[in-house]
Amino acid sequence: MKLSIGGSLKLAFRPWVEGLENIPAEGPAILASNHLSFSDSFFLPAVLDRKVTFIAKQEYFTSPGVKGKLTAAFFKGVGQLPVDRSGARGAGEAAIKSGIEVLERGELFGIYPEGTRSPDGRLYRGKPGGLARVALATGAPVIPVAMIDTEKVQPPGKVLPKMIRPGIRIGKPLDFSRYHGMDGDRFILRSVTDEVMYEIMKLSGQEYVDIYATAAKRQIAEEAKQKAEEEKAAKAAGLDKADSAEKTEKTEDKPEA
């Protein structure tokens, strides 16, 4: 199924790729990518000869009905791994465990250090828990990856994709074996994560924002809510003003007794 999906994507969108030589022909490696679109997890595996396993929420694999079964088959076909994300800490631990298992089998493990899609196309601070802990626990090299223009192909909230040619830049492997076994040190975890994010920033050309994408999404949602409330209040004030002016006009037009 991966071959058919990958072939269809390459034929339809013709993604360009730089740095394919940085993907090892065999052995474990972590592909750490920016995250612009839902389609990132499809375009990256499509251009590689090797299987890449990403984690996905378990609901994609357990939804009932024909649609649910088709969705589950699709995600399995493109190398997605179901993870129970009930509870923030439980989700993190499950993702780390799954990543380690994939790498111990000598395979490629894909991860998005930002933890969620960028809300505005900028690159956000990487979360140190998943990427760095998996890298230090396994000793696998980390390969930075930049997805280019995939948010234009599949904008958030849009069902039908646009026929835009996306790109993928793959950087040179980063070796963190010097920190092996130090995955309990939060300063080391932050240092490893920041180094990877810096390489992704260089590859992608994105503006870097030193806050988490989840915090940015909350801020954007709050600003949108505040703007909507202000517009509603302004509209109500305008209606009140118009109503008052209409009453005044009727009073002035009323003939004297």
Side-chain angles (χ1 to χ4, degrees), residues 9 13 15 30-46 52 54-60 71 75 78 80 83 85-92 94-96 99 110-132 142 144-171 189-190 192-232:
L9 285 175
F13 295 95
I30 301 168
L31 304 184
S33 173
N34 61 338
H35 198 12
L36 297 173
S37 168
F38 175 79
S39 61
D40 292 336
S41 301
F42 306 144
F43 279 113
L44 180 56
V52 185
F54 288 87
I55 57 172
K57 58 184 180 181
Q58 194 175 47
E59 290 80 355
Y60 285 144
T71 300
F75 277 93
V78 295
Q80 300 276 352
V83 171
R85 306 199 306 180
S86 56
R89 184 172 179 80
I96 291 168
I111 189 169
Y112 301 112
E114 292 168 279
T116 186
R117 281 176 283 177
S118 170
D120 54 13
R122 296 186 294 177
L123 184 68
Y124 286 84
R125 194 181 196 200
K127 293 188 174 183
L131 166 65
V142 179
V145 176
M147 308 301 294
I148 312 293
D149 290 337
T150 53
E151 80 281 11
K152 297 176 183 177
V153 174
Q154 188 76 42
K158 300 294 183 181
V159 177
L160 297 177
K162 295 182 178 180
M163 302 308 293
I164 295 173
R165 192 181 184 194
I168 302 171
R169 290 196 183 100
I170 303 170
L189 296 179
R190 171 47 59 192
V192 168
T193 305
D194 288 346
E195 183 174 339
V196 175
M197 297 308 296
Y198 178 71
E199 294 300 320
I200 294 175
M201 180 187 70
K202 290 197 300 182
L203 290 169
S204 68
Q206 291 171 278
E207 177 186 349
Y208 179 75
V209 186
D210 196 23
I211 62 173
Y212 292 124
T214 48
K217 285 184 176 181
R218 286 195 299 269
Q219 181 179 337
I220 291 171
E222 289 171 0
E223 290 175 352
K225 181 180 178 181
Q226 182 178 353
K227 183 179 179 181
E229 291 175 348
E230 289 175 352
E231 290 177 349
K232 183 179 179 181

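Treat the numbers as computed from the prediction; the structure is a model and nothing was measured. Just so it is clear, the values below take in all heavy atoms, side chains as well, and ignore hydrogens, waters and symmetry mates.
Qualifying ring-ring contact (aromatic ring centres under 6.0 Å, His included) partners for F43, counting only residues two or more places apart in sequence or in other chains: F13. By the side-chain contact (heavy atoms from CB on, under 4.5 Å) test, E199 pairs with P144, L174, K202, sequence neighbours left out. By the side chain to side chain donor-acceptor pair (under 3.5 Å) test, T150 pairs with D40, sequence neighbours left out. The side chain to side chain donor-acceptor pair (under 3.5 Å) search around E230 returns Q226, not counting sequence neighbours. N34 meets the side chain to side chain donor-acceptor pair (under 3.5 Å) test with Q206; sequence neighbours excluded. Every side chain to side chain donor-acceptor pair (under 3.5 Å) that Y124 has, sequence neighbours left out, goes to D120, R122. For K152, the salt bridge (Lys or Arg N to Asp or Glu O under 4.0 Å) partners at least two apart in sequence or on another chain are D149.
When every heavy atom of S118 is checked against every heavy atom of L36, the shortest pair comes out as CB-CD2, 4.3 Å. Taking each heavy atom of I96 and G129 in turn, the nearest pair found is CD1-O, 3.6 Å. Scanning all heavy atoms of the two residues, the minimum distance from I55 to A95 falls at CD1-CB, 3.3 Å. Residues A132 and T193 share a closest heavy-atom pair of CB-OG1, 3.7 Å. When all heavy atoms of L31 and V145 are compared, the closest pair comes out as CB-CG2, 4.3 Å.
Within the 4.5 Å cutoff, the side chain of V196 has no heavy atoms near those of the D194 side chain.
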Tell me which donor-acceptor pairs under 3.5 Å the side chains of residues 210-221 have, and how far apart each pair is, sequence neighbours excluded?
unit_1 : atom_1 : unit_2 : atom_2 : d
D210   : OD1    : R125   : NE     : 3.4
D210   : OD1    : Y208   : OH     : 3.3
Y212   : OH     : R190   : NH2    : 2.9
K217   : NZ     : T116   : OG1    : 2.7
K217   : NZ     : R117   : O      : 3.3
Q219   : NE2    : E223   : OE2    : 3.3

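With rounding to the nearest 0.5 angstrom, the CG atom of L189 is 9.5 Å from the CG atom of L131. Interatomic distance, L203 CG to S33 OG, rounded to the nearest 0.5 Å: 10.0 Å. Going from atom OG of S204 over to atom CZ of R169 covers 8.5 Å, rounded to the nearest 0.5 Å.
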Carefully, step by step, assess L123 and M197 under the rule side chain to side chain contact (heavy atoms under 4.5 Å, CB included). CA-CA 8 Å; L123 184 68; M197 297 308 296; 3.7 Å; yes
